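Predicted, not measured: the structure shown is a model, and the values here were computed from it. These values consider heavy atoms only, across backbone and side chains, with no hydrogens, waters or symmetry-generated copies. Numbering starts at 1 and runs along the sequence shown. Just so you know, ligand 1 is whichever comes first in the structure, and atom 1 is the first atom listed for that ligand.
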Amino acid sequence: MAKGKNATVFFCQSCGYESAKWMGQCPGCRQWNTFVEETITPAVKAAGTGKRIGAEKRERPSLLREISLEEEDRLTTRMQELDRVLGGGLVRGSLILVGGDPGIGKSTLLLQVCRNLAMDGREVLYVSGEESLKQIKIRANRIGEFNDHLRLLCETNLGMIEENVRCARPDVVVIDSIQTMFHEGISSAPGSVSQVRETTNVLLQLAKGLNITVFIVGHVTKEGTVAGPRVLEHMVDTVLYFEGDRHVSYRILRGVKNRFGSTNEIGVFEMEAAGLKEVQNPSEFMLSGRPEGASGSVVTCSLEGTRPMLIEIQALVSHSSFGIPRRQTIGTDFNRVNLLMAVLEKRLGLSLGNCDAYVNIAGGIRILEPAIDLGIAVAVASSFKNRAVDDKTIVIGEVGLSGEVRGVSMIQLRVQEARKLGFTTCIIPQVCMSGVKEITGIRMKGVKTVGEAIALL
Ligand code: TYD
Ligand code: MG
């Protein structure tokens, strides 16, 4: 792309796709109406091709055996849930993006992290571009006592922030939020793709150059008026998304990218009057309020990273009063549910063709793991036949197109979790029977097909 003086380009505000002309649909992320014109100033060019991060440190190529790993000391945030998602604590010099819908609790989480780090004697700087010092103080009062290692700064000018950080040399910096920050060298408005990219670039150099851990808050917006966190995903070390329904009190922190640990780990929190509280036992939490003896309710076990979590699947199948049956899913894959219903219809002869069906994962969590297939199939069949499944039974397995039940990973962990929460029977794939050791207090039954599982129940 030719960049003359005051060249303008169009950026997709959702994924950052760059184009010389305007387009209705973004070829990158398939979103509509997300292109916005932005002026490219030479500063952007300089940032892209100019000094490399930490260039002064890496003059000569190194041998693998010369690199010591001891430097990678991790700071604990004193929140087990967060530490786990981060892969065992905060890595010094890393850049962490925390994304999520507005109002989900990002500022609260980070203020709590700041508090814990400050308690451990780390110097922390919290930069807010959204709230006044008074507003932060009000939030802090709800959370608890703070000590003097935490400093607050209300500033949106990145140059000033950079100066502050270079003088004070804190251990951890929080930028809340990246969409409010601006770099003087860029003419476009704060929140635009080029601003967000450039400010992140500066923060990246600060983090790596001074060995400071930097948290960046990024709002996810659907309207596309502000550049979303996805634009930054490739630049940062770790991407965490804070999910949940604003109307439900618990929140899930999910690792999407992590250069220092596994992704797929989740942390579960609950929003309370005094800030976020960790939920150590999410299974118990997810199953609270489960109806007893109701048809269409089945408990299964899903694995998030290394963590088993029991969830309740609810299905409601009713006769359709219109020509075209309605199907709806909340918390799981719509197409997968349709497929499972087709399997039930074809292989078991359940006439679901003229039935409305609604499938819901209770508690507002979203699960796409195939290991819950058998649970969904059993829940649909249970609702269809209007017969309840035993309360103390859990159902695990993936279902294939010919109605066979296929194996799932880490079956032992899942069964143990079920045992912990007082379940007495476990329906698992036949192929997994050999891989699971006897656990006292729980009976295991292997099944080969969906039909067998349904007959057992
Ligand atoms: P906030 O952290 O401001 O969200 P974000 O930074 O992601 O936009 O928190 C938003 C909500 O959390 C707000 O609606 C109020 C609620 N909240 C509590 O329920 N308890 C608390 O102690 C705090 C601080 C906030
Ligand atoms: Mg906030």
query = Heavy-atom distance to atom 8 (O) of ligand 1: which of G103, S177, A273 wins?
reply =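 Checking each option, the heavy atom nearest atom 8 (O) of ligand 1 is found in G103.
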key: Heavy-atom nearest neighbour of atom 25 (C) of ligand 1 within options T108, D101, L276, L111   =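 Nearest heavy atom to atom 25 (C) of ligand 1 lies in T108.
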Nearest to [atom], what protein heavy atom do you find, and at what distance?
atom	value
atom 19 (O) of ligand 1	M271 CG, 3.3 Å
atom 22 (O) of ligand 1	G275 N, 2.7 Å
atom 4 (O) of ligand 1	G105 N, 3.1 Å
atom 3 (O) of ligand 1	R139 NH2, 2.5 Å

ask   = Under 2.8 Å from the Mg ion (ligand 2), is there an N/O/S atom belonging to S107?
value =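 Under 2.8 Å: S107 contacts the Mg ion (ligand 2) through an N, O or S atom.
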For [X] against [Y], the heavy-atom pair lying closest together:
X	Y	answer
T332	I367	OG1-O, 3.3 Å
M309	P282	SD-CB, 3.4 Å
M181	V127	CE-CG1, 4.1 Å

key: Sole candidate of K106, R366, R254 that passes salt bridge (charged side-chain N to carboxylate O under 4.0 Å, His left out) when paired with E243   =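 Considering K106, R366, R254, a salt bridge (charged side-chain N to carboxylate O under 4.0 Å, His left out) with E243 is found only for R254.
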ask   = Would you say ligand 1 has an N or O under 3.5 Å from any N or O of I143?
value =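 Between I143 and ligand 1 (N or O atoms, distance only) the closest approach is not under 3.5 Å.
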ask   = Do any nitrogen or oxygen atoms of K106 lie less than 3.5 angstrom from nitrogen or oxygen atoms of ligand 1?
value =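 The answer is yes, given that K106 and ligand 1 share an N or O pair closer than 3.5 Å.
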key: ligand 1 contact on S107 by region, counting heavy-atom pairs under 4.0 Å   =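 S107 to ligand 1: contacts from backbone and side chain alike.
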ask   = Heavy atom under 4.0 Å from ligand 1: found in R142's side chain, backbone, both, or neither?
value =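 Side chain only.
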task = Begin from the C-alpha positions of R290 and E312 and carry the test salt bridge (Lys or Arg N to Asp or Glu O under 4.0 Å) through to its verdict.
result = CA-CA 8 Å; R290 187 160 63 103; E312 182 199 350; 5.3 Å; no
task = Please assess D356 against R327 for the test salt bridge (Lys or Arg N to Asp or Glu O under 4.0 Å), listing each intermediate value before the final yes or no.
result = CA-CA 6 Å; D356 290 346; R327 303 269 160 96; over 6 Å; no
inquiry  = Looking at Q80, I want to see if its CD is surrounded by more than 12 non-hydrogen atoms of other residues, nucleotides or ligands under 6.0 Å.
reply    =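 Atom CD in Q80 is not crowded, with 12 or fewer foreign heavy atoms closer than 6.0 Å.
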inquiry  = Taking atom CD as the centre, does E272 end up with more than 12 heavy-atom neighbours from other residues, nucleotides or ligands that are less than 6.0 angstrom away?
reply    =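 Check passes, neighbour count above 12.
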task = Applying side chain to side chain contact (heavy atoms under 4.5 Å, CB included) between I311 and each of I372, L287, V299, I394, report the one that passes.
result =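 Answer after filtering I372, L287, V299, I394: I372.
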ask   = Is ligand 1 less than 4.0 angstrom away from at least one heavy atom of G100?
value =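 Outside the 4.0 Å threshold, so no.
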request  = Let me see the working for T39 and S188 under side chain to side chain donor-acceptor pair (under 3.5 Å), right down to the final yes or no.
outcome  = CA-CA 6 Å; T39 315; S188 46; over 6 Å; no
Atom 13 (C) of ligand 1 touched by protein heavy atom at under 4.0 Å =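 Under 4.0 Å from atom 13 (C) of ligand 1, zero protein heavy atoms found.
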key: Atom indices of ligand 1 within 4.0 angstrom of E272 heavy atoms, with elements   =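 Those atoms are 18 (C), 19 (O), 20 (N), 21 (C), 22 (O).
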ask   = If you count the atoms of ligand 1 from 1 in the order shown, which ones are under 4.0 Å from a heavy atom of A274?
value =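 With A274 as reference, the close atoms of ligand 1 come out as 22 (O).
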